[in-house]
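Quick caveat: nothing in here was measured; it's all calculated off a predicted structure.
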Amino acid sequence: MPKRILVIDDDVAISASYAAALKEAGFEVETAKRGEEGIAKFKEKKADLIFADLQMPGLADGVTVIRKIHALDPKVPIYLVTGHAMEFLNALTGEVREGSHFKVLHKPVSLSELVNVAQQTLNVA
């Protein structure tokens with residue numbers, strides 16, 4: 001059974017390219033355009049790995065996604081994919097203090113790098 005990855009990004013072109021590359025590598029991929037949608041999809045069917053944009057419109061930015069998804073499953077690996085990490089530094093530091101575990105990938109991220117991160121994180125070759 002393929003590992004399931006959830007991609008949460010408001011940029012449809014980015015999420016589509018991530019999904020295509022990950023599917024080609026053999027992963028099952030679900031996408032969401034907003035944080036709230038991603039959280040709802042995770043509640044419906046848990047993912048083995050999440051790639052989430054940090055800065056998104058709506059009520060749930062990447063920091064909120066971390067908090068709410070880790071409340072449901074504290075062990076799911078989350079990668080924040082962003083070009084805005086410094087703008088969210090205080091919020092991210094607070095999440096680390098609260099016990100959240102996540103990693104940051106800085107945009108632009110190549111598709112091969114994204115696939116490599118997924119394969120290494122999920123121990124899939």
Side-chain angles (χ1 to χ4, degrees):
M1 179 184 243
K3 297 286 186 171
R4 185 168 185 275
I5 297 175
L6 176 59
V7 175
I8 308 169
D9 198 309
D10 60 308
D11 187 322
V12 177
I14 288 176
S15 62
S17 65
Y18 289 2
L22 292 164
K23 284 178 183 177
E24 187 175 309
F27 295 102
E28 178 185 330
V29 182
E30 182 81 28
T31 62
K33 295 177 190 144
R34 293 188 179 268
E36 299 91 340
E37 180 186 359
I39 294 163
K41 286 187 176 190
F42 186 81
K43 284 180 182 177
E44 287 175 24
K45 187 175 180 185
K46 289 190 177 179
D48 299 300
L49 171 64
I50 297 170
F51 289 108
D53 190 9
L54 182 56
Q55 187 173 11
M56 293 181 282
L59 300 174
D61 59 16
V63 175
T64 304
V65 168
I66 293 169
R67 189 176 302 122
K68 295 205 175 208
I69 287 181
H70 277 163
L72 299 167
D73 182 351
K75 293 183 181 181
V76 66
I78 299 175
Y79 280 83
L80 294 175
V81 186
T82 185
H84 304 282
M86 293 308 293
E87 294 173 35
F88 287 84
L89 188 58
N90 287 338
L92 293 173
T93 302
E95 284 306 302
V96 171
R97 277 192 220 118
E98 293 294 320
S100 291
H101 302 284
F102 59 90
K103 293 187 180 179
V104 177
L105 292 175
H106 296 279
K107 287 182 179 177
V109 176
S110 73
L111 297 178
S112 62
E113 179 183 3
L114 192 79
V115 169
N116 286 337
V117 166
Q119 289 171 332
Q120 290 175 2
T121 302
L122 298 173
N123 298 315
V124 178

In the structure I gave you, are the side-chain heavy atoms of Lys46 and Asp73 within less than 4.5 Å of one another anywhere? yes
Surrounding NZ of Lys41 (heavy atoms of other residues, nucleotides or ligands, distance under 6.0 Å), is the total greater than 12? yes
Do Asp11 and Asp53 touch side chain to side chain, with heavy atoms closer than 4.5 Å? no
Measuring only between side-chain heavy atoms, which start at C-beta, is Gln119 closer than 4.5 Å to Val115? yes
Please test Lys3 against Leu49 for side-chain contact (heavy atoms from CB on, under 4.5 Å), starting from the C-alpha separation and ending with a verdict. CA-CA 8 Å; Lys3 297 286 186 171; Leu49 171 64; over 6 Å; no
Find out whether Tyr18 and Ile5 are in side-chain contact, i.e. whether some heavy atom of one side chain is under 4.5 Å from a heavy atom of the other. no
Taking C-beta and beyond as the side chain, do His106 and Val104 meet within less than 4.5 Å on heavy atoms? yes
What is the minimum heavy-atom distance between Val76 and His70, and which atoms define it? O-NE2, 3.0 Å
Quick one: closest heavy-atom pair of Gly35 and Val65, and the distance? CA-CG2, 3.7 Å
A quick test of your reading: do over 12 heavy atoms of other residues, nucleotides or ligands sit less than 6.0 Å from NZ of Lys107? yes
Answer yes or no: is there a donor N or O on one side and an acceptor on the other, between the side chain of Ser15 and the main chain of Val12, under 3.5 Å? yes
In short, Pro2 meets Gly26 closest at the heavy-atom pair CB-O, 3.3 Å
Between the CG atom in Leu122 and the CG atom in Asp48, the distance rounded to the nearest 0.5 Å is 6.0 Å
Evaluate the criterion side-chain contact (heavy atoms from CB on, under 4.5 Å) for residue pair Lys45 and Glu28; output intermediate values, then yes/no. CA-CA 12 Å; Lys45 187 175 180 185; Glu28 178 185 330; 3.0 Å; yes
Once rounded to the nearest 0.5 Å, what's the spacing between atom CD1 of Ile50 and atom OH of Tyr79? 12.5 Å
Output for pair (Thr64 OG1, Ile39 CD1), nearest 0.5 Å, gives 7.0 Å
Below 4.5 Å, heavy atoms only, C-beta onward: do Arg34 and Asp10 meet side chain to side chain? no
From Leu114 atom CG to Ser17 atom OG, the distance as rounded to the nearest 0.5 Å: 8.5 Å
With a sphere of 6.0 Å drawn around CD of Glu24, does it hold more than 12 non-hydrogen atoms of other residues, nucleotides or ligands? no
To the nearest 0.5 Å, what is the distance between OG1 on Thr121 and CD1 on Ile78? 12.0 Å
Would you mind telling me which of Leu22, Leu6, Ile8 makes a side-chain contact (heavy atoms from CB on, under 4.5 Å) with Phe51? Leu22
